[in-house]
Amino acid sequence: MVYATQDEHQTVATVVNKRLDALGIEPWLRGGSPRHLLSRKLLLIAYLAECDAAHPDYRQAVRGCLRSFLQLGSSALVGGWHLLKGRLQMVAYGLL
Amino acid sequence: MVFFEHVIVGSGPAGVSAALKLENSNTCMVDVGEEPRTEFAHASLAQALSCGASGALLGDEWETLGNLANPLRFHPKLRASALRHVMQGEAFNVTGDKGQLLVRGRGSFAAGGMANVWGAQLLRYMEEDLAEVGDWPIGAADLAPHYTDLQAYIGISGATDDMQSFLGSVDNLLPPVPTVPAAQYVLNKYAATQKSRAVAGLRLGRPRLAVLTQPHRGRPAHDFGQTEFFAPAGAGIYNPLHTLAELRQRGNIRYWGGHKLVSYTEQADHIELEIEVVQTQERIRIRTRHLLLGCGTIQTARLVLLNRNQPGHTLPFVDHTPTLLPIFFPGSLGAALPDKSYPIQLIGTMAGYVKSDMISFYYPDGMLWSDLLPDIPLPINAARSVLAALIGGMLVAQIWEASKPAPGNRLSLDGDGNVTIRYPESQLYSKLPALLASLRKLGGYALRSLASAPPPTWGFHYAATLPMRVAPKAFETHTDGRLWDSQRVRVIDGSVLPSLPAKNHSLTIMANAARIAEAVKTCGY
């Protein structure tokens, strides 16, 4: 079992208590091994959602070439926005 | 004392191949023979997902999530609870150039060995393959009759196409496994561009797989339920367990599962074996006229090193370290995904280069999508959305090149008999720019920055610890498998292969084990 460091716990506590953009902050912490506690928590939710019959849309592949490109574009834009927001929040709340 | 004419250690591809030759001649197979602790009780991944079988998918003890903290803790094919038994054998550590610990690995004590999780590509080595590596004391012609027999016995699916000269011919080839849209797209583009000879160097075709697309010798066709990452190979994918079951049913060999070879002592006319009963740890002694070691490259090397008690002695060690490369085919995006598929879709090679390669193209939908999300540099929800858009037009290339022993890559034992593999030398695929250019002509796009190499020893194509030689020196083997100074102890697994051509060595291990077993039958003592 790999335990999280005190810093990781503090980061997660800050994200939760201040209601920061966890999804936008997590990619900035994702690299390295062992994974950051925040990455582990969000990935765990992803796995549970994927394996839960209540979320059949999790593995719903996009049909149609145009729809695929539109979804790629919108995901990149929305994801990019969250990344930017997450980074700014990390600076603002001293999570770097 | 119990006596057998032949004792074969291990029930993996080498062991069963030798046993087929030595049945009906007082042969015993000694095998730890671990079996799955749980069963994946779903016919397909889709079925498991639709009924929310998170216990089956993630493990009742969350075994599949073992990579959450350390992404390189377990190979993706070895995490599921029904597959965890496959690598519970002798432990080994892999260290890098500065002695840093890179990987903690284990050999296999499973019945059927590592073949429980193989991709089932069974390929011949051709004379050109062995000429390239240049250090094999036998030729492809020595293996040819055994390749032919094994392919007929196992049942191989594939196609007669541009890869024929690379893969060799197979009599009575079964139809190839079904294609997914991205693979069919590539094949169509390849057929069109080949007419104009526009593709520089890349040859492409269907893989040769021990996956039945029709019933064969009493085994049913594979159901293509995408369970390869969750369960051992089923009846439609060849697994040495099928042969073991056959042999036991025929009653032509004795099978001692739950038994582990501890040591052996060679005398003039027999070998005395010390064997541990795994469950009770009781030790028993038996005798045999011929011992065939097929425990897997690392475990066999360990046994031989322990037997000779030469502390500090190191052995060469070779593996195929693959280069992994995701490739995207925009022309195939949005295609309807099939419910049934097999991971290995295409096989290719960059022709006309001095160093040969083998490129296997995999379809990743048989994994949990959550496994792939961390590799997409976006928030997890956006990454999932991106993957949903890309999956229909995506393949992952796994690329091997010929691999010869490197001076720095060595296997040894520490004072407690534990295996350490020093593996500082590995390289990414040498022809990446040329491959990327060829792929673009087929409508495929990849970034060099996305190419990666998994940790050392994750190729699982181990070889060369006790290499065959015409005139073997210490810790080498004769071409009939005998250890350098032995009359009766032979090695039949990947240990004896001096190097690795670009193709995987699974069928060659089996053919060579059969060749060595025949040498035992005709040795006259």
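Residue numbers start from 1 in every chain, and the chains themselves are labelled A, B, ... in the order their sequence lines are given, proteins ahead of strands.
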Sub-4.5 Å side-chain heavy-atom contact between A:R59 and B:L45: yes
Is chain A contacted by the side chain of [X], its backbone, both, or neither, given a heavy-atom distance below 4.5 Å?
| X | answer |
| --- | --- |
| B:L72 | neither |
| B:S385 | both |
| B:L373 | both |
| B:P374 | both |
| B:A48 | neither |
| B:A56 | neither |
| B:D365 | both |
| B:L49 | both |
| B:L58 | side chain |

Measuring heavy-atom distances to chain B, does [X] have an atom under 4.5 Å in its side chain, in its backbone, in both, or in neither?
| X | result |
| --- | --- |
| A:Y58 | both |
| A:Q60 | backbone |
| A:R30 | side chain |
| A:L66 | neither |

Heavy-atom closest contact (A:G79 atom, B:A382 atom, distance): CA-CB, 3.9 Å
A:A46 versus B:I380, closest heavy-atom pair with distance: CB-CG2, 4.2 Å
Check: B:L68 main-chain N/O paired with A:R35 side-chain donor or acceptor under 3.5 Å: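 Yes.
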Short side-chain to backbone donor-acceptor contact, A:R63 and B:A335, under 3.5 Å: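 No, the answer is negative, given that no donor and acceptor are paired below the 3.5 Å cut-off.
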A:R67, CZ: over 12 other non-hydrogen atoms inside 6.0 angstrom: no
CG/A:D52: more than 12 non-hydrogen atoms of other groups inside 6.0 Å: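 For A:D52, atom CG is crowded (more than 12 foreign heavy atoms under 6.0 Å).
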Working for side-chain contact (heavy atoms from CB on, under 4.5 Å), residues A:L43 and B:L65: CA-CA 9 Å; A:L43 271 173; B:L65 298 179; over 6 Å; no
Trace of the side-chain contact (heavy atoms from CB on, under 4.5 Å) decision for B:S54 with A:Y47: CA-CA 9 Å; B:S54 44; A:Y47 277 107; over 6 Å; no
